[in-house]
Amino acid sequence: MPVARPESQEPRVIAHVDMDCFYVQVEQRRNPDLRGVPTAVVQYNSWKGGGLIAVGYEARKFGVKRSMRGDEAKRACPDIQLVQVPVARGKADLNLYRSAGSEVVAILSTKGKCERASIDEVYLDLTDAAKSMLLESPPEMLDSIPEEALKSHVLGLSSDENKGEEDVRKWLCQPNADYQAKLLACGTIIVAELRVRVLQETKFTCSAGIAHNKMLAKLASPMHKPAQQTVVPATSVPDLLASLPVKKMKQLGGKLGSSLQDDLGVNTVGDLLKFSEQKLQDLYGINTGTWLWKIARGISGDEVEDRLLPKSHGCGKTFPGPMALKTTSSVKQWLNQLCEELSERIQSDLDQNKRVAQTLTLHARAFKEDEVDPLKKFPSKSCPLRYGTSKIQEDAMHLFELGLGDFLNSKNLGWGITSLAVGASKIVDIPNGTTSILKYLTEKRTSCNSSDCSDALPGEPDHATSLICQKDADTKSYKGHEVPLESKVEENPKTKAPRESASDSKRLSDRDANAKGTILRYFSGGSSSNQSSTSKVETTQIEEQERISSSTASISNSHQNLNLNQNNNALSENWIINIEEIDPSVVDELPLEIQREIRGWIHPSKRINTAKRGSTIAHYFSPARK
DNA sequence: ACGGCTTGAACG
DNA sequence: TCGTTCAAG
């Protein structure tokens, strides 16, 4: 449900920019023959010609609608060009459109705070830019106002709208308007310039709404599509909302909007004005009630977030009716495909944006034959995310089995999966720069006597050790197979009697082990991008690392990732470490500032309740759970 | 047999 | 926190 946010006092200038039939434009740019001809993009699906997911404006004239099937579209518009979404791994692949969206964001984010709202929409907070313009070169001083700005539609201008560019020019330059209207005029010009740039640099057209808050900007952006912009001066708001059907408002397109209509007889936003705030709160609760009261008055405090990238990645596929998956092996096949795509996507997110995803989630829809509760839903399951395609595949399959167990109550019943999806969420920036572990290690390597590293643990070695043991036990039950305990506890020279993992102890001299090996050894479990790109690692001084990591099987069910970056050696940019595969007691030996950094990387679900100052890392690992 | 595929947000 | 549900496009 919607929630009202506190409003800022100062007037803001907010824009909502929406690409016109975006997928179609992307395809038209790819194949210029499609320009100017009726076009739609269909998702591959041999069934009835596929489903339309975007319809160009030429085709809309024929009544072609999104959510028609390809066959219907052909009937409505025989000349329509139907372009298929690329298919990869047996499913629709939207990456083409995602990267086209990024091109646009790159431009739109240059003039102020920018929030990527979807693959083809952004919100902009242009308040500061508008203020600057007002100070430095207000519209009335401008010798030339951009043509595109003059084409704006200004709501409430004269009696009926859009008398022409001269009226718009007057509005933009109005010398005796109030402060917020002047800011809005500046915003209008800035948005016009941005849209022109987008067209020049990407060949994509877009439409925009410019207003004093997100809600109104969003409301305005589709009013004059395609390739135009609409401005909502504060003075025009009451009239605009008075006759606006409630369903047009974002958040009121669903059940809440229906309830307003059916239960209250509220058909326009204006109709809401008759209800007191108290009354709306009584009807819909404090949050939604307050929100409703405010939006009826055009008040919305939602801020534009400064975020250019998505908060999560997901991919899924449906298996309708007859295609339902009925064996774990077919589920595994498809899950592998989905995980492959997901892995690729989080990997490029890491490479390009230096972000790591912390949580892996599996969703499914399923039916089961008979039983008392045939309506029960397949439960979603999640776990810490480990990088590496095969790890993701393993973990996802495990989550599926957990979910299936729940779903069937561990009974033996027929079942079918009608949709599968995996997601990567809780994405965080990699702590960058100053205090990376690798930097510490490199310094160590060059200027360190091994005593630093090999000193006894400051804290409580016993505690730490027991944690390790617990984690082993835990791991075992989680995986149910192939967890080499040796590789896990391995030698931690200080905490305790090392398990003699033959291969390892030979590899490094003890001195080396102390100087660098001890720590590196625990950085096991995976180079970021499997096989292919890890080659970079081999070359350097850390050459031991490769063998170590490949020999050390994946271990833990808990995984937080760490990316080591290093400028001047050949270590892969994206060397990934599943952090919780590190022996916590080893990390406790690191300088406190690095420990602090590492604490931030530990998955929330694994953090233990300790606010104590100077707590060791070991304390931050929660004990085993089922 | 269905609109599919993605995202984000709020709630309990 | 995790899992569910809703909404949008």
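A note on names: the letters A, B, ... follow the listed sequences, proteins ahead of strands, and every chain is numbered from 1.
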If I pick the P atom on C/dT1 and the same atom on B/dA9, what distance separates them, to the nearest angstrom? 16 Å

In whole angstrom, give me the gap between the C1' atoms of C/dA7 and B/dG3. 16 Å

[X] side chain near [N] phosphate (N/O to OP1/OP2, under 4.0 Å):
X      : N      : result
A/T361 : C/dC2  : no
A/R365 : B/dC5  : no
A/S380 : C/dT4  : yes
A/R5   : B/dA10 : yes
A/K250 : B/dG8  : no
A/R98  : B/dT7  : yes
A/K426 : C/dC2  : yes

May I have the distance from [X] (atom [atom1]) to [N] (atom [atom2]), rounded to whole angstrom?
X      : N     : atom1 : atom2 : value
A/F378 : C/dT4 : CZ    : P     : 10 Å
A/Q43  : C/dG9 : CD    : P     : 18 Å
A/Q251 : C/dA8 : CD    : C1'   : 8 Å
A/K248 : C/dA7 : NZ    : P     : 17 Å
A/M19  : C/dA8 : CE    : P     : 22 Å

Aromatic rings A/H224 and A/H153: how do their planes relate, parallel, tilted or perpendicular, breaks at 30° and 60°? parallel

Sequence neighbours excluded, which residues qualify as side chain to side chain donor-acceptor pair (under 3.5 Å) partners of A/T361? none

Where along residues 296-314 of chain A does a heavy atom fall under 4.0 Å from DNA chain B? A/E305, A/R307, A/P310, A/K311, A/S312, A/H313, A/G314

Determine the contact category for [X]: base if any of its heavy atoms lies under 4.0 Å from a base atom, sugar-phosphate if only primed atoms, P, OP1 or OP2 are that close, otherwise nothing.
X      : value
A/D18  : nothing
A/G253 : sugar-phosphate
A/K218 : sugar-phosphate
A/P322 : base
A/I119 : nothing
A/L362 : nothing

Between [options], spot the one nearest the side chain of [X], thanks.
X      : options              : value
A/P379 : B/dG3, B/dT6, C/dT4  : C/dT4
A/S382 : B/dT6, C/dC2, B/dC11 : C/dC2
A/P320 : B/dT6, B/dA1, C/dA7  : B/dA1
A/C315 : C/dC6, B/dT6, C/dT5  : B/dT6
A/K317 : B/dT7, B/dA10, B/dC5 : B/dC5

Does a side chain donor of either A/N353 or A/D349 reach within less than 3.5 Å of an acceptor in the other side chain? yes

Where each residue is assigned the nucleotide of DNA chain B containing its nearest heavy atom, which of A/N287 and A/T418 is assigned the position nearer the 5′ end? A/T418

Tell me whether the NZ or CZ atom of A/K225 lies within the 45° cone about the ring axis of A/Y57 and under 6.0 Å from its centre. no

Would you please name every residue forming a ring-ring contact (aromatic ring centres under 6.0 Å, His included) with A/W334, sequence neighbours left out? A/F319

Listed partners of A/D262 passing salt bridge (charged side-chain N to carboxylate O under 4.0 Å, His left out), at least two apart: none

Identify the heavy atoms of A/T389 and A/S343 that sit nearest to each other, and give their distance. OG1-OG, 2.9 Å

Filter on salt bridge (Lys or Arg N to Asp or Glu O under 4.0 Å), then keep only pairs touching residues 280-299 of chain A, sequence neighbours left out; what's left? A/E7-A/K294

So ring pair (Phe, Tyr, Trp, His ring centres under 6.0 Å) across residues 78-102 of chain A, not counting sequence neighbours, yields A/Y23-A/Y97

